[in-house]
Amino acid sequence: MGYILPIQQHEYSDYQRRMVTSKRTITTVEKPYKAGLQAKYEELQHQEEIRNNRVDLILNEMEQSVSEFSEVDAIYTEITGLGQFINERV
């Protein structure tokens, strides 16, 4: 048989205080409210539209610059006669 060590009363009361959880208070359920996700979604959508407009402007500027270069190349080809018979397919 085993020997049970004597436990002082103050040690047991400390253990009991640690192990006993505090009672929970019962609260009422609050009424439901509408989530504010729609406003956040609209804000993000607006920011995305602004970014898309900026990208479109940049792409339009690049296309204009490319078309200007192609016009310059066409004029250069007419003047010099170089590059008229180049196959564009690779």
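Source: prediction; values computed, not measured. Just the heavy atoms: all of them, side chains too, but no hydrogens, waters or symmetry mates, feed the values below.
Summarising the geometry, atom CG belonging to N60 is positioned 5.5 Å from atom CD belonging to E63; distances are rounded to the nearest 0.5 Å. To the nearest 0.5 Å, atoms CG (L59) and CD (E61) are separated by 9.5 Å. To the nearest 0.5 angstrom, I58 atom CD1 is 11.0 Å from N53 atom CG.
Residues passing the side-chain hydrogen bond (donor to acceptor under 3.5 Å, both in side chains) test with E43: none are found, sequence neighbours excluded.
For residues 47-58, the set of pairs meeting the salt bridge (Lys or Arg N to Asp or Glu O under 4.0 Å) definition, not counting sequence neighbours, comprises E48-R51.
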